[in-house]
Every structure is written in structure tokens, then in C-alpha cells.
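Following: one structure in C-alpha cells, then a few remarks.
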Amino acid sequence: MAKPDHNAIVAKDHNIVDKMANFRLSELRLIAFCLSHYDSSKPDNRIFTATVEELTSIFPSMDEKKAYEIVRDAMLEINKKPLEFREGKKCHFWNWFTGFTYTKGEGHFEFRITPELQPYLLNLKGRFTEYRLRDVYQFTSASTWKLYEHLKKRWAHKKTWSVKLDDLKIELGIPGKYHRWQDFKKRVIDPAIKQINKTSDILVSYEKEKRTRHVIGVVFFVTDKPPESVIDVESDIDRFNALIQTMLRANIGKTQAQNFAEDATRFGQVAEMITLANALYDSYGKLKVKPCPLPKYMMGAL
């Protein structure tokens, strides 16, 4: 089998993505690098040999002189974070790899997926998350990587992800941090979205979900990034999400926005409603005297 490059594919069962919250960037990189050696459509679970030089060629931001220590520390930490799976009353705790052997002075290491995890990583046929190393190798934070995986998990189906703020922080491995929305937005969300849009295969935008004056959640909107030579034609689901996004921006509730977008779709008026909603949003901002709160103004006019 050829050595993996930036076109190599990484695949995980959706259940695995949900269990990555506490992993650091170096650990996420090492796991992805190891998984890229396997063909996820086949059950073959061989022992693979790789080199530190190959690892740093995939992730050039890693210091090759310190790579051995990074690999060693990452593998030790990975083994401290077994994957937990429940089967009836039984609770299983399985490590990622059966073992990890490093040949000092030669930079070689060997690894093999733990057989019990094989159904979640090999011969995948159900719901799984898949991406290429070229879409993640430039990520510089674990939060960006985890957010990307969660968005990819939903991309092929809904192309949206509505998540409560506390739940999002748990998924990103930072529960209890950034109590102020502006701090969370500035330090985590915006940098992650910027990097995902710049370096990966998807484009992401978002709107906050508010209750009165408080931000209680985030709604992410995902589209695939077209090749540079292709003119992007907006799909029906893209227009549907764009209408919801415009209404959320006006602090209209998520459920009300979605119901309205579904009605507009049923009558074939999504494009017209997007234009009207944007015009109403802009005109409200120019009013010197506000006749009523923005959500009521928007919904009444629409």
C-alpha cells in the first residue's frame, strides 16, 4: 500500500466523532495520520510501519526535531483516553491501538487498530464521517478540528447544525469556559470558521440563537466548496438555509424561522422571501423611530 499523502482519506463512524471532545491537537493529528494508512471500506486490520519523517511531511508545522517526543507524548495521552461504548448493561473501554512500537534512532513506529474498534473504523457502510488529510493538516487548534468533524458529520444530510451553547463547548472540549458570548465568539468560533473556510473542503457560516438578550445557541450552515474553475449554482437547500439565516439575524426564533422557510418552500417563494427579508432588515436599521421590535416588524411584513 502506498504511503499516505494529503489526498489520503480518514474515516470514522459517527459515534467516534462524538467521543473526541477531550483530545488535543497533537493527538488528533496522530490518530488521523494512523487511520489514513487503512482503507476504511475494507476489513483488513494489519500492522503498519510509518516514520516520523512521513508524519511531519503531512503536518509540516510540526517540529521534526521534537517530533519523537510529540509522538510519544501523544500516544501516551491517547492511551489515557479509551473509547467508551455501551452494550446493554456492559460498558466497554477500548484503546485505539493494540500497541505502539517506536524504533529509536531510526524514527520508525508500528501500530495496529484494536480489533474491537474495527467496526467503527474499518469496513464502514453506515453513517460515517470522511475527509482527506489536505482538509485538516493546516488546522492550528483542536477546537477547529473538532468543529470541522462535527460539521462534516452533518454536511451530507442536513447541512445545518443547531446546537445549544453549553453543548457546543462540551463537544469542543472546553466546557465551563468563555462565559461571555463575545469572548467565545472572538477566541473560538470566529477563528475556527475562518480557518475551516480558508483551508478545508467546506464553507461555513453561522447565526446565534437568542432568548431575550442572551445567546443560548448557534446554528451553523454548511455548503461544499466548489472547485475554483466551477461556477457555484445555489441549491434549494442553500436558499432554504439562507432564508433561515436571515431571519435568525433578526432575532426571530429558530422554530418560527424554520416553519416560515418550509412554508416559503412549499409555495416556491424562497428566493423572493430572502430578498424581502434582507430589505426589511436593512430598512429597519434606517428607521429613526422603531414601530415595534425587529422580530415582530419582520414577521408582520413577511
Side-chain angles (χ1 to χ4, degrees), residues 12-25 28 81 83-86 127-129 131 136 139 141-197 200 202-223 237-238 240-263 277 281 293-296 298-299:
K12 304 173 186 174
D13 185 277
H14 283 347
N15 288 314
I16 294 285
V17 174
D18 292 335
K19 299 178 184 297
M20 304 296 292
N22 295 324
F23 285 76
R24 300 182 304 181
L25 180 62
L28 294 169
K81 301 170 184 175
L83 294 167
E84 178 183 354
F85 289 93
R86 295 183 181 275
R127 296 171 67 85
F128 58 91
T129 300
Y131 53 84
V136 296
F139 291 165
S141 77
S143 294
T144 300
W145 193 303
K146 294 168 195 173
L147 178 59
Y148 171 80
E149 286 198 346
H150 278 284
L151 294 172
K152 284 288 288 188
K153 174 181 171 181
R154 293 157 178 85
W155 168 79
H157 304 284
K158 293 184 177 181
K159 295 196 174 184
T160 62
W161 182 29
S162 177
V163 57
K164 297 302 181 186
L165 214 54
D166 289 342
D167 292 338
L168 177 58
K169 292 177 183 179
I170 291 172
E171 298 289 6
L172 299 183
I174 49 174
K177 295 185 178 180
Y178 305 110
H179 299 289
R180 295 180 65 251
W181 161 252
Q182 287 300 327
D183 292 336
F184 185 48
K185 175 179 181 295
K186 180 180 179 181
R187 296 174 181 268
V188 180
I189 299 298
D190 286 350
I193 295 295
K194 182 179 179 180
Q195 198 160 58
I196 290 171
N197 287 343
S200 81
I202 58 175
L203 294 173
V204 187
S205 57
Y206 72 91
E207 291 295 336
K208 56 185 180 291
E209 183 184 357
K210 296 179 72 174
R211 180 177 296 157
T212 60
R213 296 183 178 181
H214 300 286
V215 178
I216 61 169
V218 181
V219 182
F220 294 98
F221 300 87
V222 188
T223 59
I237 194 168
D238 291 334
F240 179 86
N241 287 337
L243 178 55
I244 294 177
Q245 193 167 2
T246 301
M247 299 179 77
L248 288 173
R249 192 180 305 128
N251 294 335
I252 294 170
K254 179 184 64 180
T255 301
Q256 188 176 16
Q258 186 162 352
N259 290 340
F260 183 87
E262 289 172 354
D263 289 339
Y281 185 83
L294 177 57
K296 186 176 180 180
M298 287 274 287
M299 289 307 301

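Just so you know, residue 1 is the first one in the sequence shown, and it goes up from there.
None of Lys152, Lys153, His14 except one satisfies the side chain to side chain donor-acceptor pair (under 3.5 Å) rule with Thr129; the exception is His14.
Taking all atoms of both residues into account, the shortest heavy-atom contact from Val218 to Leu168 is CG2-CD2, 4.2 Å. Residue Ala142 comes nearest to Arg24 through the heavy atom pair CB-C, 4.1 Å, listed as atom of the first residue, atom of the second, then distance. Across all their heavy atoms, Lys146 and Leu172 have their closest contact at NZ-O, 3.4 Å. Among all heavy-atom pairs drawn from Ser162 and Val219, the shortest one is OG-CG2, 3.9 Å.
Residues Ile193 and Leu147 are in side-chain contact: their nearest non-hydrogen atoms beyond the backbone lie under 4.5 Å apart. With contacts defined as side-chain heavy-atom distances shorter than 4.5 Å, the pair Phe128/Ile16 does not qualify.
Between the side chain of Asn197 and the backbone N or O of Val204, at least one donor-acceptor pair lies under 3.5 Å. Between the side chain of Lys12 and the backbone N or O of Val17, no donor-acceptor pair lies under 3.5 Å.
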Please step through side-chain contact (heavy atoms from CB on, under 4.5 Å) for the pair Ile216 and Lys164, ending with a clear verdict. CA-CA 6 Å; Ile216 61 169; Lys164 297 302 181 186; 3.8 Å; yes
Does Val163 form a side-chain contact (heavy atoms from CB on, under 4.5 Å) with His150? I'd like the steps, not just the answer. CA-CA 11 Å; Val163 57; His150 278 284; over 6 Å; no
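Residue pairs meeting the side-chain hydrogen bond (donor to acceptor under 3.5 Å, both in side chains) criterion with at least one member in residues 208-217: none, sequence neighbours excluded.
With sequence neighbours left out, the side chain to side chain contact (heavy atoms under 4.5 Å, CB included) criterion links Ser200 to Asp135, Phe139, Tyr148, Ile196, Ile202.
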Check: residues 183-191 side-chain donor-acceptor pairs under 3.5 Å, at least two apart:
residue	atom	partner	partner atom	Å
Asp183	OD1	Arg180	NH1	3.1
Asp183	OD2	Arg180	NH1	3.3
Lys185	NZ	Asp190	OD2	2.8
Asp190	OD1	Tyr206	OH	2.6

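Salt-bridge annotation for Glu171 and Lys169: absent, with no side-chain N of the basic residue lying under 4.0 Å from a carboxylate O of the acidic one.
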